[in-house]
Amino acid sequence: MTSGTASGTAALQERRYRILVTGYAISSYGTFLNVVALSLYVYAVTDRALAVGVFMAVRLAAGFVAGLAAAAVLARWSAKGVMFWANVAQAAALLLLVLAPDGFRTGTLFAVSAVVGASGTLFMVTLRSSIPDMVGEGRHTWANSLMVSGRSMAMVAGFASSGVVVSLLGYTAAFLVDMATFLVCALTVLLLPMPMGPARGDDEKDSRGKGVEDGQVSQEEEGADGQGRRRDGRRRVPAALVALGAVPVLGLMVALRGIDALGSSSHNAALPVYSTELDADNPAVFVSVFWCVWALGNVLVQQVLQRYTKRTGRSVGALGFGLGTIAMSGTFILAFAGLPWAATVVIALLAGAADGLTEVSYTSHLQTLPSPLRTHAFGLSATVENLGFGVGMIVVAAALDVFTPLSVVGVAHGAAIVLALVYVARVLRGRGEAQVEESQEGEEAQETVQGSEAREGKQGDQGEGESGAGPARGGHRDGAEVSGG
């Protein structure tokens, strides 16, 4: 009966999570449709390419700030409430854009950019950090794979249909479609069996009563101004840094994610340039084919990961993130090497598979943190990613005016490969040290058992007079064991 109840609860959790992922995929379609439609609309309204760059900069800056503030927001509001209102805010911003008079369109556009950037980041940080609570232990990889698969398919659909939607239906229709996708996602969030209102009391209890790691966060916050009960945005960054120190190589992992974002900005900016060089009459062909095949590779690797986790009960882990980053960066460099179409298609497939592997392994690893630290880590990660991508877009755009796409992408992704090699070496060294420690502990335990047997034999044969040597050594070991435990 108990087993049946647990199985029924797990099935219900999985069904509701699948519904949420469906809503997330639909809103992701709106997001990628948004990227194209809003950028084109900014240029149409302002007639200046600089305005398009400023629009993207505002969006990334808002995401940067939202990443820093995510932990503070989630300390006061439930995950369900944050995800719901993040979608509603994006829908409301698009409706405001549709209703804005002509004289206010430009200002409204930049307000929409800020709302979409901040709300999108808050939603993603909340979703990623809440997945362990939604699906339970041992299901992280499956849940992350499902999420990434939905987003990958939505990306292809969004990019592929954006031109058709804007050309045939116009900007207003595109914005209304975007708005509808965010409202659909908000409705799926409401189906989650989670509280909707403020979570302040629960957060205080969790952050002060669950383990050493949570205590470290509280001490960090108390040390800032001596007020243990007061918590504001000024202490989010120190707490996030404590989170990075809670797990080996986690700080290096987040740094690698930031450099990887810089690499991503390079191939995103270079693809249109490279595609135009290949076929000036039809520059969209290469870009469309590349991203479609990339998404196919991403979806396929998710199926492999799900079956691997189900069969072995293991996840790809931190090492998979490092190796995946190396493979992903290498394949993106090769994509600009001017290879034949057949080879480039295979490369795009491998790039998508490697990208999917890194996304799932990275997210799954951060989800092993305790709840309060997990929120800080995902918030800081989002900030670092937005910073890496934003800085990369500026640097890469300038570099592409002087250097070839291959050289620009090679340098950006080459930096990611170098840091990834350092990261992999650190992970392997950590594993080696852990194995040595386990071996030493096993040997010490065996020596303790043998020493105890020897002392008992001496006490029985030699009496009380010579028993001092054994207990002296045994006492030293016992002391070590106590301190070590």
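If you read the sequence from its start, that first residue is 1, and numbering goes on from there.
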> Any donor and acceptor pair, going by atom type alone, linking the side chain of Q306 with main-chain N or O of T141 inside 3.5 Å?
Replying inline: no
>> Let's go through L192 and M134 carefully: what are the C-alpha distance in whole Å and the side-chain angles of both, what is the deciding distance for side-chain contact (heavy atoms from CB on, under 4.5 Å) to 0.1 Å, and is it a yes or a no?
In response: CA-CA 8 Å; L192 294 173; M134 295 181 191; 4.1 Å; yes
> So, K80 and D133, do they make that salt bridge, N to O below 4.0 Å?
Replying inline: no
> Short question: side chain of S27, backbone of Y24 - any donor-acceptor pair under 3.5 Å?
Replying inline: yes
>> Minimum heavy-atom separation for A261 and F389, please, with both atom names.
In response: O-CD1, 3.5 Å
>> Using the side-chain contact (heavy atoms from CB on, under 4.5 Å) criterion, which residues pair with S113? Sequence neighbours excluded.
In response: F55, V58, R59
> Donor-acceptor pair, T383 side chain versus F64 backbone, under 3.5 Å?
Replying inline: yes
> Should the pair W341 and F286 be assigned to parallel (<30°), tilted (30 to 60°) or perpendicular (>60°) ring geometry?
Replying inline: perpendicular
> Would you find a donor on one side and an acceptor on the other, under 3.5 Å apart, between the side chain of Y362 and the backbone of M253?
Replying inline: no
>> Is it the case that the side chains of Q302 and S145 hold a donor-acceptor pair, with the cut-off being a distance below 3.5 Å and no angle test?
In response: yes
>> I'd like to know if the side chain of Y29 and the backbone of T181 have a donor-acceptor N/O pair within less than 3.5 Å.
In response: no
> Is there a donor-acceptor contact under 3.5 Å linking the side chains of N298 and E359?
Replying inline: no
> Is it the case that more than 12 heavy atoms not belonging to Y308 sit under 6.0 Å from its OH atom?
Replying inline: yes
> Minimum heavy-atom separation for A318 to Y423, with atom names?
Replying inline: O-OH, 3.0 Å
> Is there a donor-acceptor pair closer than 3.5 Å between any side-chain N or O of S266 and the backbone N or O of G263?
Replying inline: yes
>> With side-chain contact (heavy atoms from CB on, under 4.5 Å) as the criterion, how do F182 and L94 come out once you've worked through the C-alpha distance, each side chain's angles and the decisive distance to 0.1 Å?
In response: CA-CA 10 Å; F182 292 121; L94 289 166; 3.7 Å; yes
>> Strictly distance-based, threshold 3.5 Å: is any side-chain N or O of S407 a donor or acceptor partner for the main-chain N or O of F403?
In response: no
> Under 3.5 Å, side chain of D260 to main-chain N/O of L256, donor-acceptor pair present?
Replying inline: no
>> Quick test of your reading: applying salt bridge (Lys or Arg N to Asp or Glu O under 4.0 Å), list the pairs with at least one residue in residues 140-149, sequence neighbours left out, ordered by first then second residue.
In response: none
> Quick one: does R16's side chain get under 4.5 Å of L20's, heavy atoms only?
Replying inline: no
>> Ring centroids only, cut at 6.0 angstrom: are F84 and W77 within range, meaning strictly under it?
In response: no
>> Taking side-chain contact (heavy atoms from CB on, under 4.5 Å) as the definition, give me every residue that meets it alongside S329, ordered by chain and number, with sequence neighbours left out.
In response: T325, H413, A416, I417
>> Donor-acceptor pair, distance only, cut-off 3.5 Å: does the side chain of T358 make one with the backbone of D355?
In response: yes
> Would you say the side-chain atoms of S381 and E385 include a donor-acceptor pair closer than 3.5 Å?
Replying inline: yes
> Is a side-chain donor or acceptor of S130 paired with a backbone partner of L127 at a separation under 3.5 angstrom?
Replying inline: no
> Looking at G120 and Q90, what are the two nearest heavy atoms and their distance?
Replying inline: N-NE2, 4.0 Å
